[in-house]
Amino acid sequence: MMLIPTHHFRDIERKPEYLQPEKCVPLPHPSPVGTMWFIRDGCGIACAVVTWFLVLYAEFVVLFVMLIPSRDYVYSIINGIMFNLLAFLALASHCRAMLTDPGAVPKGNATKEFIESLQLKPGQVVYKCPKCCSIKPDRAHHCSVCKRCIRKMDHHCPWVNNCVGENNQKYFVLFTMYIALISLHALIMVGFHFLHCFEEDWTKCSSFSPPTTVILLILLCFEGLLFLIFTSVMFGTQVHSICTDETGIERLKRKHQPREHTGSWKSVKETFGGDFSLNWFNPFSGPRHPKPLSDSDWVRQVASLSDTENTETTEEQSEQRKDEDSVEVIDE
């Protein structure tokens with residue numbers, strides 16, 4: 001047996017020592033399943049704090065400027081319950097998206113012993129991430145912020161201070177949906193409140209002075225419009241990715257090349273946790289529990305060496321593998 005490069009555009013890798021197994025040391029104490037996940041990124045933490053502040057600001061304006069001073073108690077109670085429920089679900093979804101492991105690959109498992117235990121056969125190849133020293137399963141990508149390879153990574157979102165991946169995409173979708181709903185709800189209430197204040201005395205339609213009331217409502221209107229557009233676009237993009245079973249990174253790497261969509265109802269159910277039910281909209285109900293990675297999940301099947309040498313490497317293949325190390329085992 002000998003090691004050869006899978007693609008001719010890569011450096012020759014003839015020795016298993018190329019993987020530098022002495023530098024690939026698994027974590028001494030692997031985190032148990034269910035352990036809270038948190039990324040220590042200053043920008044992400046600041047964005048998460050701003051997100052909570054904006055939601056709480058909207059809560060303050062809706063309650064103390066529009067609903068509590070209103071004389072229509074039925075209107076205030078119904079809209080207050082609806083807005084607070086949506087805000088609670090939005091913040092709960094945000095917490096779950098931020099504190100859930102998005103699907104991180106075990107760090108430092110690219111050791112010589114682990115690779116040998118896979119018992120690679122001709123035509124099989126494993127990819128190593130040189131940044132976190134991990135064996136990369138299919139559809140896994142490295143995040144420079146999380147400093148880990150993430151399975152089915154869609155993108156890194158600073159607003160939730162986490163990657164959006166296999167295990168937390170449902171929470172991110174719910175977060176964008178509920179933020180869009182409370183933004184729309186707030187805009188509708190602001191419109192009705194302005195009409196009410198124009199018809200009534202401005203001093204009686206709010207417990208604040210008229211100038212303060214106008215400023216608070218305009219700021220809320222601007223915030224609601226901005227986040228309604230932003231989160232609606234993100235929600236639509238995420239739903240499209242789930243339905244087509246294609247992550248944002250995969251779509252960018254594909255560029256303008258046509259791709260056969262392989263998505264199905266099965267991928268939607270796996271993301272949201274089973275058959276359609278109210279649990280799809282529940283941030284406290286997780287997606288279908290992922291199965292532990294088996295040996296076959298670490299191995300990828302490639303074309304034979306003769307086919308590889310006779311086939312010109314495409315630009316997409318080069319971009320996809322430009323920061324990956326590959327080792328293929330064939331018979332001498």
Side-chain angles (χ1 to χ4, degrees), residues 27 30-39 44 93-110 126-129 131-132 134-177 234-235 237-254 259 261-275 279-300 320 324:
L27 294 176
S31 300
V33 178
T35 302
M36 188 178 70
W37 171 276
F38 184 76
I39 302 301
S93 301
H94 182 271
C95 287
R96 293 302 300 273
M98 179 172 59
L99 303 178
T100 299
D101 182 347
V105 177
K107 193 173 184 179
N109 66 347
V126 293
Y127 290 94
K128 172 207 169 188
C129 176
K131 299 176 182 177
C132 61
S134 300
I135 299 296
K136 298 179 68 172
D138 192 23
R139 304 186 70 183
H141 302 280
H142 183 85
C143 175
S144 58
V145 179
C146 297
K147 297 180 175 59
R148 297 288 290 274
C149 285
I150 308 297
R151 299 192 304 273
K152 290 184 67 174
M153 174 182 170
D154 187 87
H155 68 287
H156 183 92
C157 179
W159 295 103
V160 297
N161 189 35
N162 201 0
C163 278
V164 178
E166 185 178 63
N167 296 345
N168 69 340
Q169 189 172 27
K170 170 188 175 177
Y171 308 129
F172 184 75
V173 171
L174 293 181
F175 167 67
T176 56
M177 182 184 73
M234 288 300 301
F235 174 77
T237 302
Q238 290 298 304
V239 171
H240 179 266
S241 296
I242 294 171
C243 293
T244 58
D245 195 24
E246 183 181 34
T247 66
I249 291 180
E250 292 169 347
R251 188 164 52 249
L252 287 175
K253 288 186 175 182
R254 177 173 57 86
R259 175 185 180 271
H261 295 299
T262 59
S264 64
W265 186 245
K266 179 181 177 181
S267 63
V268 177
K269 293 194 295 184
E270 288 178 350
T271 301
F272 288 95
D275 295 327
N279 278 331
W280 278 26
F281 307 98
N282 179 12
F284 300 100
S285 174
R288 188 169 294 176
H289 188 68
K291 298 179 180 178
L293 290 172
S294 62
D295 288 351
S296 60
D297 293 323
W298 302 105
V299 179
R300 308 187 200 182
Q320 183 176 359
E324 296 178 336

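Sequence positions, counted from 1, serve as the residue numbers for this chain.
- Here the side chain of Arg96 pairs no donor or acceptor atom with the backbone of Tyr171 at under 3.5 angstrom.
- Checked by atom type and distance alone, the side chain of Arg300 pairs as donor or acceptor with a backbone atom of Pro137 at under 3.5 Å.
- Distance alone, capped at 3.5 Å, places no donor-acceptor pair between the Ser134 side chain and the Asn109 backbone.
- Going from atom CZ of Phe175 over to atom CE of Met234 covers 10.0 Å, rounded to the nearest 0.5 Å.
- Asp154 places no side-chain N or O within donor-acceptor distance of the main-chain N or O of Thr247, the cut-off being under 3.5 Å.
- Between Trp37 and the options Thr100, Asn162, Asn167, a side chain to side chain donor-acceptor pair (under 3.5 Å) holds for only Asn162.
- Screening Lys266, Lys152, Lys269, Arg251 against Asp245 for a salt bridge (charged side-chain N to carboxylate O under 4.0 Å, His left out) leaves a single residue, Lys152.
- Within the 3.5 Å criterion, the main-chain N or O of Met98 finds no donor-acceptor partner in the side chain of Asn168.
- Looking at every heavy atom in both residues, Glu166 comes nearest to Arg151 through OE1-NE, 2.8 Å.
- For the atom pair Cys143 SG and His156 NE2, the distance stands at 5.0 Å (nearest 0.5 Å).
- Classified by interplanar angle (parallel below 30°, tilted 30° to 60°, perpendicular above 60°), the ring pair Phe272/Trp280 is parallel.
- Between the side chain of Arg148 and the backbone N or O of Val105, at least one donor-acceptor pair lies under 3.5 Å.
- When atom types are taken as modelled, the side chain of His141 and the backbone of His155 share no donor-acceptor pair closer than 3.5 angstrom.
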